[in-house]
Colleague: 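Handing you this structure, nothing more for now.
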Amino acid sequence: METVLKIKALKGFKDILPDEVILWKYIEDAARDIFQRFNFSEIRLPILEKTDLFARSIGEATDIVEKEMYTFVDKQVTMRPEATASLIRAYIEHGLYVHKPVQRLFTIGPMFRHERPQKGRLRQFHQMDIEVLGSENPLVDAELMGMAAMLFTELNISVSLELNSLGCPQCRPPYRARLLSFIESRLDALCEDCRRRSTTNPLRILDCKKDHCRQQVEDAPSVLAHLCPDCDAHFQAVQNGLQHLDVDYSLNKFMVRGLDYYCRTTFEFVTSDLGAQSAVCAGGRYDGLIEKLGGPGKAGIGFAMGIERLVLLLQQQEKSAADPDLDLFVIGLGEEGGKLGYGLVHEMRKGRCRVTMDHEGRSLKSQMKQANKAGSRYVLIIGDNELASGKGILKNMATQQQQDVELDSSVLAERVSAS
RNA sequence: GUGAAUGUAGCUCAGUAGGUUAGAGCAUCUGGUUGUGGCCCAGAAGGUCGGGAGUUCGAUCCUCCUCAUUCACCCCA
């Protein structure tokens with residue numbers, strides 16, 4: 001192949017080739033099916049939004065907003081790094097809360113973050129995003145986690161659920177201050193990253209991967225022990241809900257969220273099969289966010305699943321899905337046979353048959369091979385003899401039996417779909 | 001932004017202590033007697049050995065630079 005100019009996909013951007021698309025559709029179909037069972041409605045959102053929307057929701061000081069967004073600076077617009085902000089924007093913009101006090105919505109699509117790619121992490125990646133807007137009932141929290149767990153079960157993916165609560169604007173500041181004073185007393189023992197975190201995001205220190213840091217924060221004050229009565233009651237109710245639904249979980253008081261807007265319930269479904277990326281699904285409650293974005297003072301909760309990560313997990317268990325078989329492969333020999341086949345194929349497609357033919361004028365043998373490779377259940381041969389007799393040869397590829405058949409699209413369609 | 005590893009055919013990979021036409025498997029194409037697939041056999045096609053400079057009589061191999069990919073850190077689904 002002669003290449004004049006070698007153009008490749010951008011770093012961190014990936015083509016999803018036909019074989020893999022089958023797996024993607026399998027996952028998305030399973031997910032849509034479950035979301036519908038839980039009475040969620042699909043919403044489709046733009047990929048480009050005002051930069052300000054993300055800055056205000058995700059947090060000005062987060063890494064995502066500070067250095068990972070794809071922004072057209074001159075136009076003040078940004079490719080979405082996540083979906084929640086857009087979804088809430090649409091919720092407010094269209095006054096969805098007026099029609100139905102509690103909205104249950106999901107959306108599926110690409111997100112963009114300018115990070116260094118690695119396993120399970122791309123610059124354009126895809127998420128399924130599920131949100132319940134307008135309810136602060138803890139039963140909803142548990143129901144959502146139950147739904148995610150159900151999807152993992154149906155996909156036969158094994159993950160574990162980790163749960164935590166981050167408290168609310170009432171109880172988090174005092175806790176944060178307490179944690180900070182605990183950390184300050186042993187700042188010298190912490191790693192360089194953690195010393196930086198102590199000023200940027202102290203909660204992150206609890207999450208550090210380094211052993212010696214972990215030891216230092218082993219008996220740091222726990223968020224869960226410092227929840228206000230309301231948050232504590234909410235958290236208890238979430239756990240009761242999970243138990244009621246038979247959803248296994250474990251508490252992880254070190255689990256922190258990267259986005260500013262989370263409060264109260266946070267959770268992650270994690271796996272050890274994705275290298276450094278353990279989270280397959282993560283989410284939590286964001287009760288003040290809608291109001292912050294100019295909407296009514298309503299609560300919200302949601303989660304996102306990384307589709308690439310699900311695909312990786314399914315590929316690891318050698319899960320493969322195949323395209324459905326072809327009904328018929330038509331072989332038209334010679335100019336006349338080809339012409340007749342060409343029209344026949346089109347007519348049969350109108351009749352909802354999955355049928356194809358070769359247009360390159362190749363040998364019968366070669367076309368038989370193609371038909372076999374394509375997984376066609378039947379082959380129709382139209383050569384000079386068949387043109388003379390007015391009947392084609394229909395061969396069943398599995399049984400090898402072949403018989404004469406009228407060269408009529410509806411007759412063929414019936415013969416081919418009968419078995 | 002930081003660190004490490006890896007770049008040889010469409011894919012997965014051999015290889016040369018520096019030496020003439022760089023290999024295999026899979027995939028592709030054509031055949032194995034007139035018009036019949038899978039298995040088997042034969043043959044063909046496919047590579048500027050990532051790119052550039054240097055050392056050398058000679059570099060895919062050694063040195064330097066560069067680009068790309070991957071994994072990890074940071075951060076995150």
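Below, chains carry the letters A, B, ... as their sequence lines are ordered, and counting in each starts from 1.
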Colleague: Out of A:Arg354, A:Arg377, A:Arg349, which one pairs with A:Asp327 under the salt bridge (Lys or Arg N to Asp or Glu O under 4.0 Å) rule?
Modeller: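 Checked A:Arg354, A:Arg377, A:Arg349 against A:Asp327; only one passes salt bridge (Lys or Arg N to Asp or Glu O under 4.0 Å): A:Arg377.
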Colleague: The side chain of A:Leu364 lies closest to which of these nucleotides: B:G37, B:U36, B:G31?
Modeller: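 For A:Leu364, the side-chain atoms sit closest to B:U36.
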Colleague: Taking the side chain of A:Gln402 as its heavy atoms from C-beta onward, which of B:G35, B:A77, B:U36 lies nearest to it?
Modeller: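 When the side chain of A:Gln402 is considered, B:U36 is the closest of B:G35, B:A77, B:U36.
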Colleague: Only Watson-Crick and G-U wobble pairs with both distances less than 3.5 Å should count. Give RNA chain B in dot-bracket notation, marking inter-strand partners with |.
Modeller: (((((((..((((.....[...)))).(((((.......))))).....(((((..]....))))))))))))....
Colleague: NA contact type, A:Ile331, heavy-atom cut-off 4.0 Å: base, sugar-phosphate, or nothing?
Modeller: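 Contact class for A:Ile331: none.
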Colleague: Can you find an N or O donor on one side and an acceptor on the other, under 3.5 Å apart, linking the side chain of A:Gln400 with the base of B:G38?
Modeller: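 Yes, a donor-acceptor pair under 3.5 Å.
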Colleague: Report which part of the nucleic acid A:Met305 touches: base, sugar-phosphate, or nothing (heavy-atom distance under 4.0 Å, all strands).
Modeller: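 Contact class for A:Met305: none.
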Colleague: Roughly, in whole Å, what's the span from CZ in A:Phe125 to P in B:A77?
Modeller: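 Nearest whole value for this atom pair: 8 Å.
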Colleague: Does a side chain donor of either A:Glu20 or A:Trp24 reach within less than 3.5 Å of an acceptor in the other side chain?
Modeller: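 On atom types as modelled, these side chains qualify, holding a pair under 3.5 Å.
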Colleague: For the pair made of NZ in A:Lys369 and P in B:G35, what is the distance, rounded to whole Å?
Modeller: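 One finds 15 Å between P of B:G35 and NZ of A:Lys369, rounded.
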Colleague: Give me each pair satisfying ring-ring contact (aromatic ring centres under 6.0 Å, His included) with a member in residues 34-63 of chain A, each pair once, sequence neighbours excluded.
Modeller: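 Listed by first then second residue: A:Phe35-A:Phe106.
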Colleague: So if I take every side-chain heavy atom of A:Glu386 and compare against B:G35, B:A77, B:U36, which nucleotide ends up nearest?
Modeller: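 That would be B:G35.
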Colleague: Between A:Arg309 (side chain) and A:Ala279 (backbone), is there a donor-acceptor pair under 3.5 Å?
Modeller: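 Yes, because the side chain of A:Arg309 sits within donor-acceptor range (under 3.5 Å) of the backbone of A:Ala279.
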Colleague: For residues 179-204 of chain A, which residue pairs pass the ring-ring contact (aromatic ring centres under 6.0 Å, His included) check, not counting sequence neighbours?
Modeller: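 ring-ring contact (aromatic ring centres under 6.0 Å, His included) check on residues 179-204 of chain A returns no pairs.
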Colleague: With nearest nucleotide decided by heavy atoms, which residue, A:Leu333 or A:Lys365, maps closer to the 5′ end of RNA chain B?
Modeller: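 Whichever sits nearer the 5' end wins; that is A:Lys365.
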Colleague: What is the distance, to the nearest angstrom, from the CD atom on A:Glu360 to the P atom on B:C29?
Modeller: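 Roughly 11 Å, once rounded to whole Å.
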Colleague: Between the protein and nucleotides 25-28 of chain B, are there any N/O to N/O pairs under 3.5 Å, and if so, what are the atom names and distances?
Modeller:
from  : atom 1 : to       : atom 2 : distance (Å)
B:U28 : OP1    : A:Lys373 : NZ     : 2.9

Colleague: Decide side chain to side chain contact (heavy atoms under 4.5 Å, CB included) for A:Leu96 and A:Leu105; before the verdict, give the C-alpha distance in whole Å, the side-chain angles of both, and the deciding distance to 0.1 Å.
Modeller: CA-CA 11 Å; A:Leu96 298 182; A:Leu105 300 166; 4.2 Å; yes
Colleague: Between A:Asp52 and A:Lys50, is there a salt bridge with N-O shorter than 4.0 Å?
Modeller: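 Looking at A:Lys50 and A:Asp52, the cut-off is not met.
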Colleague: Report which part of the nucleic acid A:Arg196 touches: base, sugar-phosphate, or nothing (heavy-atom distance under 4.0 Å, all strands).
Modeller: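 Answer is sugar-phosphate: A:Arg196 comes under 4.0 Å of backbone atoms only.
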Colleague: A:Ser366 near the nucleic acid: base, sugar-phosphate alone, or nothing, with a heavy-atom cut-off under 4.0 Å?
Modeller: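 Answer is sugar-phosphate: A:Ser366 comes under 4.0 Å of backbone atoms only.
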Colleague: Using whole Å, report how far CD1 of A:Ile393 lies from P of B:G35.
Modeller: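 Atom CD1 in A:Ile393 sits about 13 Å away from atom P in B:G35.
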Colleague: Starting from C1' on B:A77, measure out to CZ on A:Arg121 and report it in whole angstrom.
Modeller: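 Going from CZ in A:Arg121 over to C1' in B:A77 covers 10 Å.
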Colleague: Between atom CG in A:Asp384 and atom P in B:U34, what is the gap in whole Å?
Modeller: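 From A:Asp384 CG to B:U34 P: 16 Å.
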Colleague: Take A:Gln401 and A:Cys208, find for each the nucleotide of RNA chain B with the closest heavy atom, and name the residue whose nucleotide sits nearer the 5' end.
Modeller: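 Its nearest nucleotide being more 5', the pick is A:Gln401.
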Colleague: Classify A:Val379 by what it touches in the nucleic acid, base, sugar-phosphate, or nothing, heavy-atom distance under 4.0 Å.
Modeller: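 Touches nothing.
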Colleague: For A:His114, which residues count as a ring pair (Phe, Tyr, Trp, His ring centres under 6.0 Å) partner, sequence neighbours excluded?
Modeller: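 Listed in chain order: A:Tyr70.
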Colleague: From B:G38, B:C75, B:G35, pick the nucleotide closest to the side chain of A:Asn385?
Modeller: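 That would be B:G35.
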Colleague: Answer with base, sugar-phosphate or nothing: what part of the nucleic acid does A:Ala371 contact at a heavy-atom distance below 4.0 Å?
Modeller: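 Nothing, no heavy atom under 4.0 Å.
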Colleague: When the distance from CG of A:Asn396 to C1' of B:G37 is rounded to whole Å, what number comes out?
Modeller: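 Taking CG of A:Asn396 and C1' of B:G37, I get 12 Å after rounding.
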Colleague: What's the gap between B:A27 and B:C41 when it is taken at their P atoms, as a whole Å value?
Modeller: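 Approximately 12 Å lies between the P atom of B:A27 and that of B:C41.
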Colleague: Between A:Gln370 and A:Asp358, is a side chain to side chain donor-acceptor pair (under 3.5 Å) present by the stated rule, with each step listed?
Modeller: CA-CA 8 Å; A:Gln370 279 185 72; A:Asp358 172 88; 3.1 Å; yes
Colleague: Rounded to whole Å, how long is the line connecting atom CD of A:Gln367 with atom P of B:U30?
Modeller: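 Going from A:Gln367 (CD) to B:U30 (P), I get 10 Å.
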Colleague: Each nucleotide in nucleotides 65-72 of chain B should get exactly one letter: B, S or -. Can you fill that in based on protein heavy atoms under 4.0 Å?
Modeller: ---SS-SB
